[in-house]
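Reviewing the structure listed below.
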Amino acid sequence: MTSPMTNNAELWARREAAVPRGVGSIHTRFFERGVNAEAFDAEGNRYIDFATGIAVCNTGHSDPRIVEAVKRQLDAFSHCSFQVTPYESYIALAEQLNAAAPIAGPVKTVFLTTGAEALENAVKIARSATGRRGIVTFQGGYHGRTLLTLAMTGKVLPYKAGFGPLPGDVHHTRFPIPYHGFDEKQAVEALQALFASTIEPSAVAAIVLEPVLGEGGFYTASYAFFRALREICDKHGILLIADEVQSGFARTGKLFAMDWVREATGVTPDIMTIAKAMAGGFPISGVMGRADLMDAPETGGLGGTYGGSPLGCVAGLEVLKIIESDGLCERAVHIGNTIKGTLRALQQGGMRVIGDVRGPGAMVAMELVHDGDPDRPNPELTKAVVTEGAKDGLLLLSCGMRGNVVRFLPALTMPDELLGEAMDRLTGVMRRGAG
């Protein structure tokens with residue numbers, strides 16, 4: 001039995017005694033309750049939340065429509081395992097996602113529990129469908145913490161260190177980041193070099209990438225790069241897998257980031273992975289793909305005891321309704337433009353520590369550097385902004401290969417008044433930090 005605690009410091013002491021150090025926590029404030037875009041800690045302190053549980057609560061904290069849907073499901077049953085006795089909400093959610101997926105042709109979807117589990121199963125499907133072994137991913141990409149997804153993740157610290165050996169036949173190439181002097185043409189050349197030096201393209205089952213790097217720093221793959229990848233994949237019989245775990249469900253201003261790509265270029269992925277915001281805070285993930293590919297594994301080859309939890313399924317159905325009824329795609333663009341406008345005004349006003357401001361929709365990043373120089377990252381200031389922001393009532397996250405990116409992942413239901421308050425507070429934090 002737990003005893004009531006109201007002091008963050010006391011709770012932190014208990015955390016350190018009970019929880020392994022390998023489980024990190026960015027903030028030392030204990031979440032007590034959330035209301036839309038606001039969070040309150042164990043001491044009653046109020047925060048404007050730009051983390052949303054790492055891009056999970058796009059529909060805000062505790063939306064009453066989602067809460068009510070889950071309560072109704074709890075009154076019926078909480079678990080039976082879809083592999084034992086299926087249930088209608090799983091089918092209904094799959095049907096709606098299949099119809100909305102930016103994937104060519106008939107689509108099928110399998111539901112799982114975590115983003116990493118979705119990536120693992122996407123690889124299983126790709127290998128089963130192609131009969132090939134190789135997987136190509138990108139430096140800076142993040143795909144999970146299981147051993148296979150660690151092998152796929154393109155960042156050593158803190159994710160990979162000490163956990164080897166990792167699964168083989170996973171190969172990394174460079175992601176195009178023009179801000180760092182590496183464009184899509186060079187990225188294509190690097191991929192061709194990988195094929196020449198490390199693994200022949202005829203042995204590659206899939207190329208896996210995030211349309212917008214998440215942990216890697218919110219860099220967006222260009223339309224030209226997607227055209228080149230699609231051409232390479234089609235030429236060599238390689239599948240293109242889009243990891244939309246962080247960028248999905250209206251975050252970028254479309255239901256999926258790949259919707260932007262499809263509209264601009266006609267390029268579609270063969271398989272997509274989804275999770276995080278798809279159920280408003282309830283654990284569920286999925287793999288969506290061309291029906292012929294998804295049917296490649298034998299019966300029993302896909303699934304999991306908790307995969308497609310009925311609680312997650314009904315919450316996911318409600319999330320899709322809310323995105324449509326509340327216009328959250330348009331709202332994401334508005335919120336993102338407001339944040340980027342504030343940051344660019346600071347940058348143009350002489351705040352040279354802000355090297356770059358970027359990101360589609362409300363998936364916004366601010367890269368901090370020394371004296372405007374992209375080659376001189378400023379992780380110290382980045383850490384200070386996150387820490388000082390919390391003291392000033394803002395929950396922020398950092399990311400990036402160099403630890404110098406502040407990322408903004410607000411609820412897409414954040415009202416303008418609250419957003420304005422947040423931008424005023426952020427401006428104050430930046431002026432103090434930059435000074």
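Nothing fancy with the numbering, it's 1 onward along the sequence. Fair warning: this is a prediction, and the values are worked out from it, not measured in the lab.
When every heavy atom of M258 is checked against every heavy atom of P269, the shortest pair comes out as CE-CD, 3.7 Å. For T149 against G144, the heavy-atom pair with the smallest separation is OG1-C, 3.1 Å. Here the closest heavy-atom approach between residue I323 and residue C329 is recorded as CG2-SG, 4.2 Å. A pairwise comparison of heavy atoms in A126 and A205 identifies O-CB, 4.0 Å as the closest pair. Taking both residues in full, the closest heavy atoms of I284 and S309 are given as CD1-O, 4.4 Å, listed atom of the first, atom of the second, then distance. Considering every non-hydrogen atom in both L150 and F163, the closest pair reads CD1-CD1, 3.9 Å.
Look at E43 and R29 and you find no salt bridge, because none of the NZ, NE, NH1 or NH2 atoms lies under 4.0 Å from a carboxylate O. Look at R230 and D270 and you find a salt bridge, because one of the NZ, NE, NH1 or NH2 atoms lies within 4.0 Å of a carboxylate O, short of that distance. Salt bridge present: E388 and K391 bring a charged side-chain N and a carboxylate O closer than 4.0 Å. With salt bridges taken as basic N to acidic carboxylate O contacts below 4.0 Å, none links K155 and E215. Between E367 and R358 there is a salt bridge, since a side-chain N of the basic residue sits under 4.0 Å from a carboxylate O of the acidic one. With respect to R425 and E421, a salt bridge is recorded, a charged nitrogen being found less than 4.0 Å from a carboxylate O. Salt-bridge check for D259 with R262: passed, with a basic side-chain N closer than 4.0 Å to an acidic carboxylate O. Here D295 does not pair with R290 in a salt bridge; the nearest charged N to carboxylate O distance is not below 4.0 Å. Of the charged side-chain nitrogens involved, none lies within less than 4.0 Å of a carboxylate oxygen, so that D169 and R127 do not count as a salt-bridged pair.
Within 6.0 Å of CZ on R33 lie no more than 12 heavy atoms contributed by other residues, nucleotides or ligands. Residue K160 qualifies as enclosed at atom NZ: its count of foreign heavy atoms under 6.0 Å is above 12. Few gaps surround CD on E380; more than 12 heavy atoms of other groups in view lie less than 6.0 Å from it.
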* Asked: Are N337 and H334 close enough, and set up right, to give a side-chain contact (heavy atoms from CB on, under 4.5 Å), and what steps lead you there?
  -> CA-CA 5 Å; N337 285 342; H334 169 75; 6.0 Å; no
* Asked: Can V369 and V353 be said to form a side-chain contact (heavy atoms from CB on, under 4.5 Å), step by step?
  -> CA-CA 5 Å; V369 298; V353 294; 6.0 Å; no
* **salt bridge (charged side-chain N to carboxylate O under 4.0 Å, His left out) between R344 and D356, intermediate numbers included** => CA-CA 8 Å; R344 285 170 180 155; D356 192 32; over 6 Å; no
* For the pair Y219 and H180, evaluate side chain to side chain donor-acceptor pair (under 3.5 Å) and give the outcome as yes or no after the intermediate values. => CA-CA 10 Å; Y219 304 98; H180 293 172; 3.3 Å; yes
* ring-ring contact (aromatic ring centres under 6.0 Å, His included) between F256 and F249, worked out -> CA-CA 6 Å; F256 300 108; F249 297 94; 5.3 Å; yes
* To do: Take T146 and E120 through the test side chain to side chain donor-acceptor pair (under 3.5 Å) and record every step on the way to the result.
  => CA-CA 8 Å; T146 60; E120 292 247 357; 2.6 Å; yes
* To do: Just do the side chain to side chain donor-acceptor pair (under 3.5 Å) check on Q246 and Y142 with the steps written out, would you?
  => CA-CA 10 Å; Q246 188 162 167; Y142 176 83; over 6 Å; no
* To do: Could you check L293 against K108 for side-chain contact (heavy atoms from CB on, under 4.5 Å), going step by step and ending with a plain yes or no?
  => CA-CA 9 Å; L293 303 175; K108 290 189 175 183; over 6 Å; no
* I would like to know whether M401 and F175 meet side-chain contact (heavy atoms from CB on, under 4.5 Å); could you show each step before the answer? => CA-CA 12 Å; M401 290 287 285; F175 191 90; over 6 Å; no
* **CA sep, side-chain torsions, deciding dist, call: H61, D49, side chain to side chain donor-acceptor pair (under 3.5 Å)** => CA-CA 10 Å; H61 293 294; D49 190 1; 2.7 Å; yes
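For the pairing with L119, the side-chain contact (heavy atoms from CB on, under 4.5 Å) check across T137, L148, T273 returns one residue only, T273. With F111 as the fixed residue, the ring-ring contact (aromatic ring centres under 6.0 Å, His included) test singles out one of Y90, F282, Y87: Y90. Applying side-chain contact (heavy atoms from CB on, under 4.5 Å) to L209 and the options L240, I241, D243 leaves one that passes, L240. Paired with W260 under the rule side chain to side chain donor-acceptor pair (under 3.5 Å), one option of T265, T252, T220 passes, and it is T252.
The CD1 atom of I354 sits 5.5 Å away from the CE atom of M366 when rounded to the nearest 0.5 Å. Separating the OG1 atom in T427 from the CZ atom in R432 is a distance of 10.5 Å, to the nearest 0.5 Å. The structure places CG of L412 at 11.0 Å from CD1 of I322, a figure rounded to the nearest 0.5 Å. With rounding to the nearest 0.5 Å, the separation of OG1 in T52 from CG in N36 is 11.0 Å. Atom CG of N8 is separated from atom CZ of R15 by 12.5 Å, given to the nearest 0.5 angstrom. To the nearest 0.5 Å, atom CG of residue L93 and atom CD of residue E318 are 11.5 Å apart.
Two residues are said to be in side-chain contact when any heavy atoms from C-beta on lie closer than 4.5 Å; V405 and L368 fail this criterion. With a 4.5 Å cut-off on side-chain heavy atoms, R65 and D326 count as touching. Side-chain contact check for E10 versus R14: every heavy-atom pair is 4.5 Å or farther apart. K383 is not listed as a side-chain neighbour of V386, based on a closest heavy-atom distance of 4.5 Å or more. Counting heavy atoms from C-beta outward, T114 and E117 have side chains that approach closer than 4.5 Å. Residues M288 and I103 form a side-chain contact, since some pair of their non-hydrogen atoms from C-beta on lies under 4.5 Å apart.
In terms of modelled atom types and a separation under 3.5 Å, the side chain of T268 and the main chain of P102 share no donor-acceptor contact. Using a distance-only test at 3.5 Å, with no hydrogens or angles considered, no donor-acceptor pair links the side chain of Q347 to the main chain of L343. At distances below 3.5 Å, not a single donor-acceptor pair connects side-chain atoms of E32 with backbone N or O atoms of G44. Counting only distance, with no hydrogens or angles, the side chain of S325 and the backbone of K321 share a donor-acceptor pair below 3.5 Å. No donor-acceptor pair closer than 3.5 Å links the side chain of N58 to the backbone N or O of A411.
Neither side chain, T413 nor R331, offers a donor N or O lying under 3.5 Å from an acceptor on the other. Side-chain atoms of D41 and H27 include no donor-acceptor pair closer than 3.5 Å.
Taking the six-membered ring where the residue is Trp, the centroids of F40 and F31 are separated by 6.0 Å or more. Centroid-to-centroid, the aromatic rings of H79 and Y306 come within less than 6.0 Å.
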